[in-house]
A.B. asks: 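Here it is, the structure, as structure tokens.
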Amino acid sequence: MPRCQEMRAHIKELVSQALGYLKRDGELTFETEPVPEVERTRSREHGDYACNIAMVLARGLGMKPRDLAAKIRDRLPDSKRIEKVEIAGPGFLNFFASSHHLRMVVRDILRDADDYGRSPAGSREDVLLEYVSANPTGPLHVGHGRGAAHGASLSAILAAAGHTVHREYYVNDYGRQMDILAVSVWMRYLELAGERVVFPANGYRGDYIYDIAREVRSRHGDDLRHNGPDVTDGLPPDTGDDGDPEVFIDALIKRARELLGESGYEACFRAALETMVDDIRGDLDEFGVTFDRWFSERSLERSGALNRALQRLRDGGWLYEKDGATWFRATDLGDDKDRVVVRDNGRSTYFASDVAYLLDKFERCPGTSLYILGADHHGYVPRLKAAARGLGVDPERLEVQLVQFAVLYRGSERVQMSTRSGSFVTLRELREEVGKDAARYFYVMRSHDQHLDFDLELAKSRASENPVYYIQYAHARIQSVFRKLGETAHRYNPALGETAMERLDSDHEQELLRAVGRYPEVIESAAERRSPHMLAHYLHELAALFHAWYNNSHFLVEDDELRNARLNLINATGQVLRNGLALIGVSAPEEM
RNA sequence: GCGCCCGUAGCUCAGUUGGAUAGAGUGUCGGCCUCCGAAGCCGAAGGUCGCAGGUUCGAAUCCUGCCGGGCGCGCCA
């Protein structure tokens with residue numbers, strides 16, 4: 001158990017005991033046992049921890065808060081971890097940590113090392129996170145990047161806080177878009193084979209389609225080749241006055257299935273799907289974003305999960321037939337309209353798959369199922385909640401986190417994001433330009449429900465204005481001090497430093513001690529609020545405290561005790577920076 | 001029209017679920033390298049927390065109504 005959590009629990013216990021004494025002696029009476037809340041203070045002058053119990057209870061007891069606070073303080077048991085307790089402001093009890101406590105914090109960090117700040121695995125509920133889940137119809141773009149960075153960072157933070165985490169990518173390999181992709185590949189294949197065919201207006205036009213087509217050609221030769229006229233004759237017009245690209249592409253898909261047969265069509269389809277999923281997986285791997293499972297939408301039908309989910313809704317009386325389709329009575333469950341689950345052509349909808357996947361998640365994960373969605377999907381939330389209710393699952397177990405868009409800037413100039421204009425749009429290009437570390441940090445440095453202005457120039461800057469370099473530089477500087485130490489006659493002696501921790505009495509040192517001790521609370525809080533940006537901010541703050549101290553005083557002094565005490569503190573600081581950066585997928589360089 | 005999100009320093013944003021004198025970065029201005037990495041530090045200036053009510057010991061935070069911005073309302077995925 002991290003010491004700071006113990007500290008808060010410790011103070012709560014002290015206050016509870018004091019209240020108990022007051023009650024026993026008949027000085028106070030409560031109807032229900034009060035539960036004290038203890039929080040970190042904002043500024044040093046208010047001590048380290050504050051308790052507002054006197055303000056909460058004063059009214060019911062007909063007392064002035066400060067008077068009550070004084071009574072409580074007088075009965076607080078002694079603790080070697082508390083230096084003093086003051087009454088301040090409207091009635092706060094301010095607790096000042098003793099130097100003994102601060103010494104323990106550094107010792108714990110150095111002892112726990114990479115595990116400092118981590119709670120025991122499995123000590124909290126299971127959480128299944130689904131993130132990215134972009135359609136495998138093209139490369140990931142910078143919009144997906146934020147969801148990926150957010151999901152990966154949050155997963156790591158939740159795991160560090162003791163949750164058992166399941167990370168999943170839902171592969172939409174079932175719908176019409178995939179058919180359009182398959183046909184796009186086939187059309188390029190025909191083009192490469194020398195057939196004269198006009199590419200459909202609604203097809204996927206990216207160069208990667210040619211790559212896949214070439215792959216199909218090298219594997220199947222001319223086996224999938226058909227004459228141009230056979231492919232397009234008799235189809236409705238694609239473009240022009242009475243053309244309709246939507247109608248055309250559907251007809252083309254039908255024609256492709258007829259001409260190619262099951263196995264030929266499947267060849268194009270599988271080549272397209274596998275290439276795209278591999279590409280996305282590789283892209284995310286390089287971004288430090290990984291998954292425990294890539295969940296195939298198609299598998300829901302094959303495994304019977306789809307029918308099982310629909311049957312469950314039917315059993316609950318939530319399905320009805322109308323206009324040849326099967327509808328889900330979502331309006332009775334909080335949604336604003338009923339939803340089709342099986343179309344009049346007999347094919348199930350995307351939403352039906354979602355219901356089945358949702359049920360599957362609930363069955364596999366006993367805790368919370370967390371969706372990380374782009375903000376443009378917020379309209380989807382009520383129907384997911386309705387689905388949970390319809391399945392007979394507590395909708396509280398379904399949690400949705402909406403991630404707002406990222407807007408790219410080059411300096412003050414906004415980067416137009418258009419596939420057509422060719423101005424860069426893929427995540428891969430972003431990584432290549434600014435690097436993985438900067439991209440990961442920038443994506444999570446703002447609250448997920450806030451729009452993000454992503455400045456490419458700033459992300460590439462190698463100066464303190466760039467928060468990533470600023471934090472990494474603090475870490476590199478710390479390692480540099482130890483390298484420098486190696487060039488002197490002195491050797492680092494942590495045990496000696498530990499006996500002299502009370503020598504760290506300057507404001508800079510005290511602030512830094514407080515900050516490194518706060519780290520486990522930051523993890524806990526960031527996990528609870530599902531807010532990786534809290535960690536990003538904390539790391540910047542920690543780096544700032546270090547830089548200020550570094551510029552203010554010298555570490556490699558002649559005094560053996562003081563030098564080793566200071567080395568202990570910067571060693572602990574480096575450890576915390578490393579641990580925190582690891583959670584948001586940013587490296588902690590030894591030198592820069 | 002209905003629904004969701006957002007309005008905090010010139011700009012970009014925090015604000016520990018209702019606490020103390022609202023904080024960082026950046027920009028502007030002024031300082032600091034004979035010294036462990038100046039990729040850094042110190043200081044100054046900068047605010048009607050969109051507006052108006054309400055809730056209470058206490059509101060940037062919760063409630064209501066406006067104003068302004070973004071997004072969503074398919075038998076698409």
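Chain naming here is simple, since letters A, B, ... match the order of the sequence lines and numbering starts at 1 in each.
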A.B. asks: Checking all strands, does A/R529 fall into the base, sugar-phosphate, or nothing category for heavy-atom contacts under 4.0 angstrom?
C.D. replies: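 Base, at least one base heavy atom under 4.0 Å.
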
A.B. asks: Any idea how A/W327 and A/Y320 line up, ring-wise: parallel (<30°), tilted (30 to 60°), or perpendicular (>60°)?
C.D. replies: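 Judged by the thresholds at 30° and 60°, the geometry between A/W327 and A/Y320 is parallel.
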
A.B. asks: Check every strand shown and say whether A/Y470 touches a base, only sugar-phosphate, or nothing at a heavy-atom separation below 4.0 Å.
C.D. replies: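 The answer is sugar-phosphate, as A/Y470 gets under 4.0 Å only of primed atoms, P, OP1 or OP2.
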
A.B. asks: Would you classify A/R176 as touching base, sugar-phosphate or nothing, given that sugar-phosphate means primed atoms plus P, OP1 and OP2, and contacts are heavy atoms under 4.0 Å?
C.D. replies: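 A/R176: backbone/sugar contact only, no base atoms under 4.0 Å.
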
A.B. asks: Return the stacking result for B/A24 and A/H540: yes when the ring centres lie under 5.5 Å apart and the planes under 30°, no otherwise.
C.D. replies: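 No; by the centre-distance and plane-angle rule, A/H540 does not count as stacking on B/A24.
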
A.B. asks: Would you say A/H554 stacks on B/C36, if stacking means ring centres under 5.5 Å apart and planes within less than 30 degrees?
C.D. replies: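 Check passed, A/H554 stacks on base of B/C36.
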
A.B. asks: By nearest heavy atom, map A/K337 and A/N94 onto RNA chain B; which one lands nearer the 5' end?
C.D. replies: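 In this pair, the answer is A/N94.
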
A.B. asks: Just call it for A/E37: base, sugar-phosphate, or nothing, with non-hydrogen atoms closer than 4.0 Å on any strand.
C.D. replies: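 Since no nucleic acid heavy atom lies under 4.0 Å of A/E37, the category is nothing.
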
A.B. asks: Taking CG in A/D507 as the centre, count heavy atoms belonging to other residues, nucleotides or ligands within less than 6.0 Å. Is the count above 12?
C.D. replies: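 Counting neighbours around CG of A/D507, 12 or fewer heavy atoms of other residues, nucleotides or ligands fall under 6.0 Å, so no.
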
A.B. asks: Glycosidic conformation of B/C33, syn or anti, with 90° from 0 as the boundary?
C.D. replies: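 Classified syn.
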
A.B. asks: Quick one: label A/D376 by what it contacts on the DNA or RNA (base, sugar-phosphate, nothing), any heavy atom closer than 4.0 Å.
C.D. replies: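 Answer is sugar-phosphate: A/D376 comes under 4.0 Å of backbone atoms only.
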
A.B. asks: Under 5.5 Å between ring centres and under 30° between planes: does that hold for A/F92 against the base of B/G19?
C.D. replies: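 So no, this residue does not stack on that base, at least one cut-off failing.
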
A.B. asks: Return the orientation label for the A/F546 and A/W549 ring planes: parallel under 30°, perpendicular over 60°, tilted otherwise.
C.D. replies: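 Correct class here is perpendicular.
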
A.B. asks: Which part of the nucleic acid does A/Q404 contact within heavy-atom distance under 4.0 Å: base, sugar-phosphate only, or nothing?
C.D. replies: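 Since only primed, P, OP1 and OP2 atoms lie under 4.0 Å of A/Q404, the category is sugar-phosphate.
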
A.B. asks: When the P atoms of B/A38 and B/A44 are compared, how many Å lie between them, rounded to an integer?
C.D. replies: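 Per the computed distance, 24 Å lies between those P atoms.
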
A.B. asks: Quick check, are the ring centers of A/Y350 and A/Y174 under 6.0 angstrom apart?
C.D. replies: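 Aromatic pair excluded; centres sit 6.0 Å or further apart.
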
A.B. asks: Hey, does A/Q450 reach any base, or is it just sugar-phosphate, or nothing, if we go heavy atoms under 4.0 Å?
C.D. replies: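 The answer is sugar-phosphate, as A/Q450 gets under 4.0 Å only of primed atoms, P, OP1 or OP2.
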
A.B. asks: In whole angstrom, give me the gap between the C1' atoms of B/U61 and B/A22.
C.D. replies: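 So the two C1' atoms sit 12 Å from each other.
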
